[in-house]
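Structure record follows, encoded as structure tokens.
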Amino acid sequence: MQLKRIAQANLPTPWGVFTMIGFEELATGKDHVALVMGDITQDKPILTRVHSECLTGDALFSLRCDCGFQLEAALKHIAENKTGILIYHRQEGRNIGLLNKIRAYALQDQGLDTVEANHKLGFAADERDFTLCADMLALLGVKSIKLLTNNPKKIHVLEEAGINIAERIPLEVGENPNNEHYLQTKMQKMGHILHLHPVDK
Ligand SMILES: Nc1nc2c(ncn2[C@@H]2O[C@H](COP(=O)(O)OP(=O)(O)OP(=O)(O)O)[C@@H](O)[C@H]2O)c(=O)[nH]1
Ligand SMILES: [Zn+2]
């Protein structure tokens, strides 16, 4: 176990009241949160979103990616379902950190795609460690989930970390002219399952 559960409190949102549970990484002291609604101890797969931190999309209204839209849609979906979990996985920029993500964006402004930019900076395309998410789910007592994602690799890594994924539920929102190329790259180079609407140029 790489984390411990620290504190919890109510978190009212426009879609309903979640319980916010804070965790701390034992090795680094880094914090993560899970937003929980309803009875997640039921003996059936729990609707879950594993959302990776994206300060620019989640908090600063960036249209370069789809993260902010996915965050909102996931919370709404969980609230409509009356039960579920959103893990807010604090590995910004696929775990290269905010400042390196800004460097990667600068390279993308010069024409590189999201994968090439990471490589140019000396990183893999995706540096995230999802075993922390599996640990958070274990601390919440959840063994089986229905995962909101477009990324089949995320299913694979969470399963390798011991989580049973009963179903994948697509989360395709936020496509716009600013992220069209970014979403195309995620589909073509990173294997995301997306149904994009190419615009005529
Ligand atoms: N390094 C880097 N990270 C990015 C970039 N754009 C978004 N991110 C980060 O990517 C993470 C989200 O990952 P995505 O690849 O969008 O999606 P995913 O979580 O793999 O898959 P979904 O479950 O379908 O959303 C967040 O941590 C973002 O900060 C970028 O251009 N470069
Ligand atoms: Zn983003």
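Being a predicted model, the structure only gives us computed values, none of them experimental. Residue numbers count from 1 along this sequence. Order of appearance sets the numbers: ligands from 1, and atoms from 1 within every ligand. Because only heavy atoms are used, hydrogens play no part in the values below, and waters and symmetry mates are left out as well, while side chains stay in.
Ranking the protein heavy atoms by distance from atom 14 (P) of ligand 1 puts Lys186 NZ, 3.4 Å first. Looking only at protein heavy atoms, the nearest one to atom 26 (C) of ligand 1 is Glu53 O, 3.3 Å. In terms of protein heavy-atom proximity, atom 10 (O) of ligand 1 is closest to Arg94 CG, 3.3 Å. Closest to atom 6 (N) of ligand 1, if we only count protein heavy atoms, is Tyr182 OH, 3.1 Å. If you check which protein heavy atom lies closest to atom 24 (O) of ligand 1, you get Asn150 N, 2.8 Å.
Residue contact check: Lys154 has heavy atoms under 4.0 Å from atoms 18 (P), 19 (O), 21 (O), 22 (P), 23 (O) of ligand 1. Distances below 4.0 Å separate heavy atoms of Gln108 from the following atoms of ligand 1: 30 (C), 31 (O). Listed by atom number, the atoms of ligand 1 under 4.0 Å from Gln91 heavy atoms are 27 (O). Below 4.0 Å from some heavy atom of Ile96 lie the following atoms of ligand 1, by number and element: 1 (N).
Contact annotation: for His192 versus ligand 1, heavy atoms closer than 4.0 Å belong to the side chain alone. Here Thr56 has no heavy atoms under 4.0 Å from ligand 1, in either its backbone or its side chain. Here Phe123 has no heavy atoms under 4.0 Å from ligand 1, in either its backbone or its side chain. Within the 4.0 Å heavy-atom criterion, the part of Arg49 lying near ligand 1 is the side chain and not the backbone.
Considering backbone and side-chain N/O atoms, Asp126 never comes within less than 3.5 Å of an N/O atom of ligand 1. Residue Gly93 has at least one nitrogen or oxygen atom sitting less than 3.5 Å from a nitrogen or oxygen atom of ligand 1, judged on distance alone.
Asn95 places no side-chain N or O within donor-acceptor distance of the main-chain N or O of Gln91, the cut-off being under 3.5 Å.
Ionic pairing of Glu92 and Lys101 is present here: one or more N-O contacts between side-chain nitrogen and carboxylate oxygen are shorter than 4.0 angstrom. Salt-bridge check for Lys186 with Asp113: failed, with every basic side-chain N at 4.0 Å or more from each acidic carboxylate O. For Glu116 and Lys189, the salt-bridge test passes: some basic side-chain N is under 4.0 Å from an acidic carboxylate O. Comment: Arg90 engages Glu53 in a salt bridge, judged by a side-chain N to carboxylate O separation of less than 4.0 angstrom.
Other residues, nucleotides and ligands contribute more than 12 heavy atoms inside 6.0 Å of the NZ atom of Lys30.
One finds the NE2 atom of His89 at 12.5 Å from the CZ atom of Phe23 (value rounded to the nearest 0.5 Å).
Here atom 32 (N) of ligand 1 lies nearest to Thr114 when heavy atoms of Val115, Leu112, Leu121, Thr114 are compared. Closest heavy-atom approach to atom 18 (P) of ligand 1 among the candidates Arg168, Arg128, Met190: Arg128.
Residue contact annotation: Asn118 has a non-hydrogen atom under 4.0 Å from ligand 1.
For the pair Arg94 and Thr114, the minimum side-chain heavy-atom distance is below 4.5 Å. Between Glu175 and Leu183 the shortest side-chain heavy-atom distance falls below 4.5 Å.
The Zn ion (ligand 2) is the vertex of the angle joining SG of Cys67 and SG of Cys65, which measures 110° to the nearest 10°.
Side-chain atoms of Asn81 and Thr83 form no donor-acceptor pair, as typed in the model, at a separation below 3.5 Å. The closest side-chain donor-acceptor pair between Thr149 and Asn151, if any, does not fall under 3.5 angstrom. When only modelled atom types and interatomic distance are considered, His51 and Gln70 share no side-chain donor-acceptor pair under 3.5 Å.
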